[in-house]
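In what follows, a structure is listed as structure tokens, so that the remarks can point back to it.
Just the heavy atoms: all of them, side chains too, but no hydrogens, waters or symmetry mates, feed the values below. Throughout, a chain's letter reflects where its sequence line sits, starting with A, and its residues are numbered from 1.
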Number of protein chains: 2
Amino acid sequence: MKQLKNLLEESSLKITPQRLAILKELEKKGHASIEEIYEDIRDFFPSISLATIYKNITALKDENIISEICLHHKPKFEITKEPHAHFICKKCGKVEDVPFNELIKGEIDKQYPDSQKELYIYGICKECKEKES
Amino acid sequence: MKQLKNLLEESSLKITPQRLAILKELEKKGHASIEEIYEDIRDFFPSISLATIYKNITALKDENIISEICLHHKPKFEITKEPHAHFICKKCGKVEDVPFNELIKGEIDKQYPDSQKELYIYGICKECKEKES
DNA sequence: TTCTGTGCAAATCTTTTGCATGGCA
DNA sequence: TGCCATGCAAAAGATTTGCACAGAA
């Protein structure tokens with residue numbers, strides 16, 4: 001909880017229960033859509049409005065506290081951290097953060113220095129592969 | 001024109017002027033959004049309907065004739081070709097297809113064999129860099 | 001106290017659907 | 001001719017906006 005508060009304190013945004021709830025949700029789930037955030041927060045914060053979620057997602061994105069990603073071409077959000085890739089399991093849908101292997105990053109940076117990279121890898125995760133055999 | 005027709009012939013979809021127009025537009029622009037496709041086609045095909053664009057984009061995607069990509073987290077479409085990365089210039093907005101350098105691909109495949117990759121590189125293109133200096 | 005943030009409702013997109021008609025094969 | 005595709009209009013979804021009130025600093 002304390003770290004999430006810090007993220008807001010270091011920005012120009014005020015600390016509100018709604019914003020903390022959004023960040024807490026993203027911290028818990030890793031990645032979530034607007035609708036997922038809304039539904040989950042409503043469980044313990046029934047008065048929150050969808051418009052508030054939208055407005056705050058935009059504000060938090062502008063402050064670079066959270067980042068937008070596209071999983072299966074649907075918008076999701078995550079707390080901003082070190083640049084990393086995403087592995088998405090085509091069977092179970094699980095999403096894993098994958099550190100940018102230095103070799104991959106180096107090779108891209110050689111051709112495109114100072115660029116921001118977004119890498120999505122769609123495959124079958126270890127667990128699903130084991131179940132298959 | 002003939003190659004585009006072939007794409008449809010090899011699928012279960014019928015050849016219609018609307019579908020050819022969509023493919024022609026994507027061939028010309030490289031990547032386009034639904035709205036861009038609609039506006040551009042309307043210039044010479046005023047009776048085409050937005051619903052037809054949507055239905056056909058879905059049908060063409062299902063047949064793997066076109067692919068969806070997310071540029072700046074907005075959906076765009078392109079004619080399906082060899083897997084490749086996208087370079088997006090943050091200054092002028094230009095989008096370039098970048099062949100998957102074998103080294104990059106090999107390194108990812110080592111960790112995630114048989115996976116589909118989506119790589120977006122956001123940076124400043126050569127032309128914009130030259131203008132700056 | 002001040003000013004930003006919230007929640008509601010309405011407005012504005014965006015996308016999908018149903019259905020009668022048109023047109024490819 | 002038999003279906004599939006098109007276009008229209010309506011419906012459904014997703015996102016944004018305006019405004020009065022509430023709450024953080």
- Ring-face cation of A/Lys24 near A/Phe44 (centre distance under 6.0 Å, axis angle within 45°): yes
- Query: With A/Ile22, which of A/Ile34, A/Ile66, A/Ile65, A/Ile37 fulfils side chain to side chain contact (heavy atoms under 4.5 Å, CB included)?
  - Reply: A/Ile37
- Item | Heavy-atom check, side chain of A/Asn6 versus side chain of A/Leu4, under 4.5 Å | no
- Query: Taking OP1 and OP2 of D/dT6, is either one under 4.0 Å from a side-chain nitrogen or oxygen of B/Asn56?
  - Reply: yes
- Note on the structure: Here the distance between atom C1' of D/dT6 and atom CD1 of B/Ile22, to the nearest Å, is 11 Å
- Query: Taking everything shown except B/Lys131 itself, do over 12 heavy atoms lie less than 6.0 Å from its NZ?
  - Reply: no
- Item | Separation of atom CZ in B/Phe45 from atom C1' in D/dG7, rounded to whole Å | 11 Å
- Query: Could you state the interatomic distance from CZ (B/Phe45) to OG1 (B/Thr52), rounded to the nearest 0.5 Å?
  - Reply: 8.5 Å
- Item | D/dG7 OP1/OP2 closer than 4.0 Å to side-chain N/O of B/Thr52 | yes
- Does B/Glu63 reach the side chain of B/Leu13, with side-chain heavy atoms less than 4.5 Å apart? yes
- Task: Grab the CG-P distance between B/Leu20 and D/dT6 for me, whole Å please.
- Result: 10 Å
- Quick check: are there more than 12 heavy atoms from other residues, nucleotides or ligands sitting under 6.0 Å from CG of A/Asp114? no
- Note on the structure: With a 4.0 Å cut-off (strictly under) to non-hydrogen atoms of chain B, the first and last hit nts on DNA chain C, 5' to 3', are C/dT14 to C/dA25
- What is the distance from atom NE2 of A/His31 to atom NZ of A/Lys76, rounded to the nearest 0.5 Å? 9.5 Å
- Reading nucleotides 12-18 of chain D from the 5' end, what letters show protein touch, with B for base, S for backbone sugar-phosphate only, - for no heavy atom under 4.0 Å? --SSBBB
- Message: Quick check on the helix from C/dT1-D/dA25 to C/dA25-D/dT1: what's the angle between its two end axes, five base pairs per end, to the nearest 10°?
- Response: 50°
- Query: So does B/Lys81 have more than 12 non-hydrogen atoms from other groups sitting under 6.0 Å from NZ?
  - Reply: yes
- Any luck finding a side-chain donor-acceptor pair between B/Glu118 and B/Tyr120 under 3.5 Å? yes
- Any residue meeting side chain to side chain contact (heavy atoms under 4.5 Å, CB included) with B/Thr16, in chain and number order, not counting sequence neighbours: B/Gln18, B/Arg19
- Query: With a 4.5 Å limit on heavy-atom distance, are the side chains of A/Glu78 and A/Ile69 in contact?
  - Reply: yes
- Item | Contacts of A/Tyr112 that satisfy ring-ring contact (aromatic ring centres under 6.0 Å, His included) - sequence neighbours left out | B/Phe87
Set out, line by line, the N/O atom pairs under 3.5 Å between protein and nucleotides 21-24 of chain D.
residue	atom	partner	partner atom	Å
D/dA24	O3'	A/Ile15	O	3.4

